[in-house]
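All heavy atoms count here, side chains included; hydrogens, waters and symmetry mates do not.
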Amino acid sequence: MAANVPTQRLTSFNASHAGFEAHRDWERVLNRGGYGMVTWPAEFGGRALSLIEWLIFEEEYYRAGAPGRVNQNGIFLLGPTIMEYGTAEQKSRFLTPMAAGDVIWAQAWSEPQAGSDLAAVRASATRDGEHYVLRGHKIWSSRAVFADWAFGLFRTDAESTKHRGLSLILFSLTAPGVRVQPIAQIDGELGFAEIFLDDARVPVADRLGPEGEGWGVCMATAGFERGLMLRSPARYQVAAGKLLALAKARPERVDATIEAALLQVVMDAEAYALSIFATASRLAAGGTIGPEASTNKIFWSELDLALHSVALAILGAAGEMLVHPDDAAHDGDWLDGFLFALAGPIYAGANEIQRNIIAERVLGLPRG
Amino acid sequence: MAANVPTQRLTSFNASHAGFEAHRDWERVLNRGGYGMVTWPAEFGGRALSLIEWLIFEEEYYRAGAPGRVNQNGIFLLGPTIMEYGTAEQKSRFLTPMAAGDVIWAQAWSEPQAGSDLAAVRASATRDGEHYVLRGHKIWSSRAVFADWAFGLFRTDAESTKHRGLSLILFSLTAPGVRVQPIAQIDGELGFAEIFLDDARVPVADRLGPEGEGWGVCMATAGFERGLMLRSPARYQVAAGKLLALAKARPERVDATIEAALLQVVMDAEAYALSIFATASRLAAGGTIGPEASTNKIFWSELDLALHSVALAILGAAGEMLVHPDDAAHDGDWLDGFLFALAGPIYAGANEIQRNIIAERVLGLPRG
Amino acid sequence: MDFTFSAEQRQSADMLAGVLGDICSLSHLRTSLKAGAKFDDGRWATLARLELAGIMVSERQGGLGLGAVDVVLLAQACGYAALPEGLAGYIGVTVPLLAELGCDIVLQAILAGGSYVAHQDHGFVVARDAAAASYGVVVDGDRVAVVAADALASVNVASIDPFRRLARLTLPAALQAAPAAIARARERGAVFAAAELVGIAQRAVDIAAAYAKERQQFGKPIGANQAVKHMLASAQVKIEFARPVVYAAAFEADIGSVASRARVSHAKLAAADAALAATRAALQVHGAIGYSWEADVHIFLKRALALSEEWGERPYHRARVQRRLTTYKFAPDTLFALETDHG
Amino acid sequence: MDFTFSAEQRQSADMLAGVLGDICSLSHLRTSLKAGAKFDDGRWATLARLELAGIMVSERQGGLGLGAVDVVLLAQACGYAALPEGLAGYIGVTVPLLAELGCDIVLQAILAGGSYVAHQDHGFVVARDAAAASYGVVVDGDRVAVVAADALASVNVASIDPFRRLARLTLPAALQAAPAAIARARERGAVFAAAELVGIAQRAVDIAAAYAKERQQFGKPIGANQAVKHMLASAQVKIEFARPVVYAAAFEADIGSVASRARVSHAKLAAADAALAATRAALQVHGAIGYSWEADVHIFLKRALALSEEWGERPYHRARVQRRLTTYKFAPDTLFALETDHG
C-alpha cells in the first residue's frame, strides 16, 4: 500500500475540481489493484474480504497515509444498498463504474427546513410514462459540488406525508433541470452543495427498490452511514499516535490539564478500535448491526473533536495561524481536522437524534 | 464567633434526637447573641444587616467551623415569607420562637408521585368553620423527623387543578391526625420524612397569605430556596481550602488528572463566591433576584459534587472505609459530604427543571 | 483476536445470571439490608454447588483449566446482580492464586465445596467476609502467606457499601516470596472488578430506564423527557465503550507485558468511569426517591464507588497506561501487539 | 468590593453597543466576509469619533484617567458585536502602554483622532491591522520599541478568523527595558480579552436561542426540545460564572500581586471556557446550517478560538492560578486579600 500512495499530498477533494480529480485518479489506482472496495464480491471488482479483514486493510491504509476516499458515498453507502435492493440491470450498470471511480456519487438526503428530520421530504417525483419528473430542493449534499451522480428520497405519492410514499431515486448531476450550487463552509471548503431540481426527467429504471418504499431502503443506507464503514478505527488510532508525537515534541506545553485530556483521548481511540473489532466479530458470527450504530456515531464524533481539541490546546496561540500553512510537520492538519470534526456531532444524524434512538430502541423509553 | 463554637463537633441533626436538640441549643446560643438571623429586623431578633454584611458573617461562620443550621427552613425560607405575606398576628406569633430556636420548621413541599412537579398537590384542606381539615400524604420533608412545625401546600379548592386553588398552611407536627415517618437515606441519616395527614384540624389563622393563592406565595419561598441564602459561598471556599490542604498533605496521590480537576474546582468555588457577591451588590443597589437563582442552583450543586469527588479521588481506596470513622483529620467528612452532595442536583428543584427555567425565562425558548 | 464468546461461555454466564435472579434479586437485597446485610450462608452454599470455584484451576489440580475469558462474563453477572458475596474475585483471583502457590490442601477443601477463603492484598484488596472464611490469603508486596482461620486475627472495617463486610487481617509472621503469582492475581483482580463494574453500570441504567417508563410526572412518563433519555443514553454509550476493553483485557490479562498491563488498567478505568456515570445518572433519573433506601440505585452506586478504587486505585492504573504511551509507538498495528515485550 | 457599575459606566457601554449595532451588525459582517473581510476605515473613523482612545490615559496626558473597570463593559460589547477591529485592546492596552512609556508624540496623534497603532508582544499578542497603522508597538520579553509605520517591516499571517488580519512585525534593533509597564499591559490584555470572550459567548447563546425559537423541525420549534434547552442553559450557566470573575479581574488588574494575577488568569480561563462551550453549543443547535457561512455562528466560534489563546495561552494562565494555590491560604477571607503580597 505504502508504495502506491501518492508522494505529494493531494489537494482536498472539497477544495477544487483539480483536487477532486486527483482523488478520482487515486480511486482508479486503487480499483486497478483490486483495492477499491475489498469487501465487495469479485464480480464487482472486490475481493470478498470479511469485515475483520477490511479493518486490517484500513489499518494499512491509514498507516500509509493514503488519501481520503472521494468515493465513499458510492462504495460505502449506495453500493451495498444496490447490492441488496437493485435489479440485475442496475447492479451491472452502476456498480462497476462506481468501483472504478468513473462515477462518483453525492448523497442528497436533506432538504431546507428539514434538518435532522430526514423524512420531511418535499421534493417530488411525478410519474410521467417511463420517467419521473423531479422537482424540489436538496441541501447539505456531500461531494455534490464536483460529483457525477446523486441519490436521494423523493415523494412519489403526492398525498403521502412523513416517511410514507417516498422513493429512492438516482439521478445525474449534469442532467437538464439539475443545478448544483456550492455551500461555503466554516473551514472554507466546499464539502456540500445545494441541488435545485426543476423538472429534471429521470427514467423509472433509476429508482432503487419499490416505489413508495424508499424510506425502508434508505434506513438500510443510513444505518451503514452511522455505522462502522465510514469511520474505521484506524483513522483515530493514527490521529492519536500523531497527537502523542506532538505532545512528546513539545513537552513544555503539556501541563496537567492537557496531560489528563491526552491520556483520556488516547484510551478512547483504543476503546473505539476494540469496540469496532468486537462488532465486526459479532457480525462475522452472523449477528446484525442494530442501534449500536448510534452509540458508535456519538462516540467517534466526540472522540474526533476531543483529539483535535487537545492538539489545538498543545499548539496554543499558533493554532489560529495554521490556515493552509506551508509546514513540513503538517501542524495545519490539526486545525483543518478540528473544523472538520465540528461537523461530526451534527451530520449523519445529529447526536441528539442518536441519543433519542438509543433511549427509545435500546432502553425502551417512550417516544417524546 | 470562634470563641462560642462548640468545642466538640455536634452529632448530625439528621442522625438522632440528641443531635437535633444539640443543634437547637446552638440556635439558642446564636439567638441570644443576636446572631440567629442577622438580616432580620431588630424587632424579630435580628440586626438588619445587608446581604453583603450577611455574606461576611457567613465567612466568619464557616471559617470558625460552626455547626450547620438546623433552623434553615424557618429562618431562610418561611421567615422571609411570613414577613412578606403574614398578618401582624402571624408575625408576632411565629417569628420570635422561630428565631429563638424554640420552634424548628420542616418543609412539606413534595407528594408521592409528584416529584419535580411541585404543583401536583393532592393533599387537601377542607374548610370546616374556623378550621381546615387536612388530609393527604407529604414526602421528602426535610427536618420533619425531629422538627416541631411544618409548612406546605394544600388544595383548598377541591375543583381546582395544578397550581390553582392551593393554599399555604402551617401545622404542628404533634397535632392529632399528623403522623411522621422517617425515610432512611443513602448516607444512613434521616434527613427526610413522610408526613401522613389524617383529618388533622388546623385553625384558619394558620394559613399564610390569601386562600387559593398559595402557589404564588410559595414561589417566593422557592425562589429563596434556590437562591443564595441556603448556599453561602463561604461553605464552598472552606471546602476548597480543606481540599487543597488534603492534596498538599498527600502529594503522592495527586496525578495529572486529579491536579487538573483540583485546579478547576478551586476556581469554581471562587467563581461562585464572586458571583454571589455580584448578586448581593446588585440587590443592595435595588435589583431583584430573578431566574439567576436557577443558574446558582445548578452551579453550587455541581460544584459541591465536584469538590467531594476530587477529595474521594485523592483518598482512593480508603474512601469507602470512612463511614463515621474515628479520625482526627475528619477525612470521613469527605464521604459524608459526597453523599450529601449527591442530593444537590436533585432537591430544591432538580437541575433539569432549573435548566428548563433558564432556557424558558432567561433565553425565551418555548415551553415543551 | 476473536471477540465473540463461545456458546459454552455464554450459557455458563446465563446460568449464573439465572441463579442470581432467583437467590439475589433486588427484593432479597432489600430484605437483607433491613436485617443488617449479613453474609448469606445459604446463598453461598447454592453458589458453591455451581462448582465454579475450580474454573481457573488447572485440570491436573482438579479444576476446569479455563482462563480469564471464561470468567469475565460471570463477573459481569455478579456485578449486574450486585451480589454481596465476592464470588468473582474468589473464583477468578483467590482460588487460582492458591492453585499457583501449590496450596493443595486448601485447594482440595475449596474444590470439595466447603471452604471460603478471604483474600487481602495491601493496597489492592481488603478482605471480605473474613468471619465466614476457613482460610486467609494475606499478601504484602510480593510476599504471601496462607493461614487457617483460627490463626487469623482481624478487625472489622465499615464500608460505605453495607454489603461489603470488610476486615483488616493481621500480617502473619512468615510470608513467602511469590512475585509472579501475585502479579498475575492483581491483573485478574483488576479485570474482574472491571467486569463487575460494567455489570453494575448496565443494571443501574436498566433500573433507571424501567423507572422512567413507569413514573409519571407533569402528566407523562418521565422517560419521555429528552433530558432523561439523553442522560441514560450517554451512560449507555460509556458502557458500550468500556465492555469491549474489559473483554480484551480478560483475553490479555495473563500476558504481563507493558501493553497488556495498560490494557487491563484501561479496562479498569473505563469500567469505573462508566459505573460512576451510570449510577449517578440513575440516581438523578430517580429524583428524590433515588436518594432513599427505598430505591435500589444506592446499592449500585455504593458498589461502584468501592470497586472503582479496588485492585489498584485510579492513579495507579492511569500511570500504567501512561507508561505504555511513553514506551510504545501508538498506531493501529500495535493494538494487539502484546507479545513483543514482557517488560 | 462593590460589584455594581456606575450609571456612567453602563451608559458608556450601552452607547458603544448602540453604535456597534449600527455599524457592525451581523449583516455588515456577512457583507464584509464576502468582500474579503478587509479593515473598515469608515467604521474605525466612526469609532475614533467616540473619543474612547484616551479613556485609560491620565488626565495630565490629555486622557480621561479612568481604569480597567471603565473599559471592561466596552470590551464585552466589542465581543458581543464580534467587532473585527481590535478596539478593546487598543484603548485598554496599547494606548495606556504608550502613555506609560511617555511616547507623547504618538499619544497626541492618537488622541487627536488620527492614528491607529499596531501592537505585538511575542508570546502574548500578534499585531492586527498593521497595514492601517501609523505606528507599531513591538514588545519582546521586558523590552519595547515604538516605531513609525514606514520603519515597520511586517509579514501577513492568515488567521482562522478572517476578520483577524494578523501580521508578524520585525523586531526593531533598539528596544528599551520597561518591565513594569509591559507587565501591566499584559494583565489588561488578558482582562479585556476575557471580557470580549464573555461578550462572544453571550452573543452565541442569543443567536442560537433566536434561531431555536424560529426554526421548525418535526412540527415544532427546535427550541421546544429539552436537549436544545439544556445545551443553551448549560452554556448560560458558564457565562454567568465567568462574568463576575472578569469584572473582579478588571478591578484588580493593576495591582500586580500573586493573587491579582491569579484572578486575571482565572478570568481568562473561565471566559475562554464559556466562549468555547457557548459557541460549540450554538453550532450544534444550528445543525448543518451552523457549519456553513450562511449562519453567523462560525464568526463567533473562530473569534473564541483565537482569543482563548491570546494574551497568554491557557497553560500559562493555569500555572499562575496554580501558583496562588501553592503560595496562599485558600479561605473565604482571602477572596479579596489582594494587597498583601506583590511577589
Peer 1: In terms of heavy-atom proximity below 4.5 Å to chain C, should A:Glu302 be classed as side chain, backbone, both, or neither?
Peer 2: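 Nothing of A:Glu302, per the 4.5 Å heavy-atom cut-off to chain C.
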Peer 1: For A:Ile298, is it the side chain, the backbone, both or neither that has a heavy atom under 4.5 Å from a heavy atom of chain C?
Peer 2: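 A:Ile298 touches chain C through side-chain heavy atoms alone.
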Peer 1: Give, as side chain, backbone, both or neither, the part of C:Gln322 having an atom under 4.5 angstrom from any heavy atom of chain A.
Peer 2: both
Peer 1: Relative to the ring of A:Tyr272, is the ring of A:Tyr236 parallel (under 30°), tilted (30 to 60°) or perpendicular (over 60°)?
Peer 2: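 A:Tyr236 vs A:Tyr272 ring planes: perpendicular.
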Peer 1: Centre of C:Phe5's six-membered ring, under 6.0 Å away, within 45 degrees of the axis: is that where NZ or CZ of C:Arg10 sits?
Peer 2: no
Peer 1: What part of A:Lys248 gets within 4.5 angstrom of chain C, counting heavy atoms only: side chain, backbone, both, or neither?
Peer 2: side chain
Peer 1: What is the ring orientation for C:Phe124 with C:Tyr316, classed by angle as parallel under 30°, tilted 30 to 60°, or perpendicular over 60°?
Peer 2: perpendicular
Peer 1: Considering only heavy atoms, which portion of A:Ala285 lies under 4.5 Å from any heavy atom of chain C: side chain, backbone, both, or neither?
Peer 2: side chain
Peer 1: Side chain, backbone, both or neither: which part of C:Arg243 has an atom under 4.5 Å from a heavy atom of chain A?
Peer 2: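 Neither part.
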Peer 1: One thing to verify: whether C:Arg261 and C:Glu187 come together as a salt bridge, which I'm taking to mean a side-chain N less than 4.0 angstrom from a carboxylate O.
Peer 2: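 Looking at C:Glu187 and C:Arg261, the cut-off is not met.
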Peer 1: Could you tell me which of C:Thr4, C:Val205, C:Ile222, C:Leu232 has the largest number of non-hydrogen atom pairs under 4.5 Å with chain A?
Peer 2: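 The candidate making the most pairs under 4.5 Å is C:Thr4.
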Peer 1: Between A:Ala278, A:Ala247, A:Ala359, which residue shows the highest count of heavy-atom pairs closer than 4.5 Å to chain C?
Peer 2: A:Ala278
